[in-house]
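For reference, the structure discussed in these notes is given below.
Quick note: residue numbers are just sequence positions, from 1. We use all heavy atoms of the structure for the numbers below, so side chains are in, but hydrogens, waters and symmetry mates are not.
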Amino acid sequence: MKIEFEEEFGISAEEAYGYFRTPADWPRLFPAFAGAVERGDGWYAVSFRGFPFPLVTRITRDEPGAWVEWTFSGFWTGEGRVELEETAKGTIIRGYEIVSPRGLSLLGPAAERLFLETRFREVWEGGWRRLRRRTGSTESAGPTVD
């Protein structure tokens, strides 16, 4: 599944970047994550509340204050990217995440639609709600799923 988003918050791009800089920073923004454990060579296991398998991920490329890209390994496969654009009101955070369980072959798309799509959408929405509360922002385009 692919989740796309575009949200605006009353913070600087540098502050927004701090939430995505490493997978260890993700639990500060996303309440669905319980914590992150470094596994070496830039890899982290991010505990995902309600799932037995963590997101094993690492940052593959980044430009501080501008964008971050990551990849998944282990049970989850996929990639993601956030782009940060400063505006007169603050910063627009836009991007996508493509994530799927590995090894479900023909059952994969059905499992994603039935069990995972809503949960992954909630992960992003939970982070946006938390950031809106912290910044007093109200703008939201909301996530979309392909």
Side-chain angles (χ1 to χ4, degrees), residues 1-51 53-105 108-109 111-113 115-135 137-146:
M1 89 197 92
K2 182 177 184 180
I3 298 172
E4 297 178 285
F5 47 85
E6 183 169 312
E7 305 285 335
E8 186 166 13
F9 300 96
I11 60 175
S12 69
E14 198 59 42
E15 186 177 346
Y17 171 77
Y19 291 110
F20 298 98
R21 190 174 50 84
T22 72
D25 295 308
W26 297 356
R28 292 186 314 120
L29 179 60
F30 299 102
F33 299 140
V37 175
E38 190 170 359
R39 290 197 165 174
D41 198 28
W43 289 98
Y44 289 81
V46 181
S47 299
F48 191 10
R49 298 178 201 275
F51 282 94
F53 306 106
L55 293 171
V56 177
T57 185
R58 76 173 175 171
I59 303 302
T60 54
R61 297 177 53 207
D62 77 315
E63 178 68 39
W67 51 268
V68 178
E69 293 179 351
W70 60 92
T71 189
F72 296 112
S73 184
F75 178 78
W76 302 103
T77 183
E79 64 184 42
R81 178 180 173 102
V82 294
E83 298 173 9
L84 310 169
E85 178 187 335
E86 288 214 29
T87 68
K89 294 181 184 179
T91 298
I92 295 174
I93 302 174
R94 74 172 54 91
Y96 70 90
E97 186 170 64
I98 300 169
V99 62
S100 298
R102 189 183 304 273
L104 295 183
S105 61
E112 288 174 12
R113 272 191 315 281
F115 305 111
L116 301 175
E117 182 177 308
T118 299
R119 184 66 179 120
F120 274 87
R121 197 176 320 168
E122 288 171 353
V123 169
W124 285 97
E125 269 306 306
W128 303 144
R129 276 192 307 276
R130 182 179 272 180
L131 196 51
R132 275 187 214 98
R133 281 193 304 270
R134 289 181 184 168
T135 65
S137 298
T138 58
E139 302 284 325
S140 175
T144 60
V145 178
D146 290 339

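Between the CD atom of E122 and the CD atom of E125 there is a distance of 9.5 Å, given to the nearest 0.5 Å. Atom-to-atom distance recorded for F5:CZ and E83:CD is 9.0 Å, nearest 0.5 angstrom. Rounding to the nearest 0.5 angstrom, the gap separating the OH atom in Y96 from the CD1 atom in I3 is 13.0 Å. Note that the CD atom of E86 and the CD atom of E8 stand 10.5 Å from one another [nearest 0.5 Å]. The CD atom of E7 lies 5.0 Å from the CZ atom of R132; values are rounded to the nearest 0.5 Å. We find the CG-CD1 distance between L131 and I93 to be 5.5 Å, quoted to the nearest 0.5 Å.
Ring pair F48/F120 is perpendicular by interplanar angle, where above 60° counts as perpendicular and below 30° as parallel. Using cut-offs of 30° and 60° on the angle between ring planes, the pair F30 and F33 is perpendicular.
For the residue pair W124/E97, the side-chain donor-acceptor check at 3.5 Å is satisfied.
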request  = Apply salt bridge (charged side-chain N to carboxylate O under 4.0 Å, His left out) to the pair R81 and E79, showing each step before the final yes or no.
outcome  = CA-CA 7 Å; R81 178 180 173 102; E79 64 184 42; over 6 Å; no
request  = List the steps and the verdict of side-chain contact (heavy atoms from CB on, under 4.5 Å) for F72 and L55.
outcome  = CA-CA 7 Å; F72 296 112; L55 293 171; 4.0 Å; yes
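A side-chain donor-acceptor contact under 3.5 Å links R49 to the backbone of P31. The closest donor-acceptor contact from the side chain of R21 to the backbone of P64 lies at 3.5 Å or more, if one exists at all. Judged purely by atom type and a 3.5 angstrom limit, T71 uses its side chain to pair as donor or acceptor with the backbone of G78.
Residues passing the side chain to side chain donor-acceptor pair (under 3.5 Å) test with T22, sequence neighbours excluded: D25. By the side-chain contact (heavy atoms from CB on, under 4.5 Å) test, A66 pairs with E63, sequence neighbours left out.
Contact check for E15 versus T91: no side-chain heavy atoms found under the 4.5 Å cut-off. Residues F20 and D62 are not in side-chain contact: their nearest non-hydrogen atoms beyond the backbone lie 4.5 Å or more apart. Inter-residue side-chain proximity for W70 and V82 is flagged as met; some heavy-atom pair is nearer than 4.5 Å. Side-chain atoms of I92 and E6, non-hydrogen and from C-beta on, do get closer than 4.5 Å to each other. Using a 4.5 Å heavy-atom cutoff, the side chains of V46 and P54 are not in contact.
In terms of heavy atoms, L84 sits closest to A16 at CD2-CB, 4.0 Å. Annotation for A36 and A24: closest pair CB-CA, 3.7 Å, computed over non-hydrogen atoms. Scanning both residues, P23 and R58, for their nearest heavy atoms gives CG-CA, 4.3 Å. Closest approach of W26 and Y19 over heavy atoms only: CD1-O, 3.3 Å.
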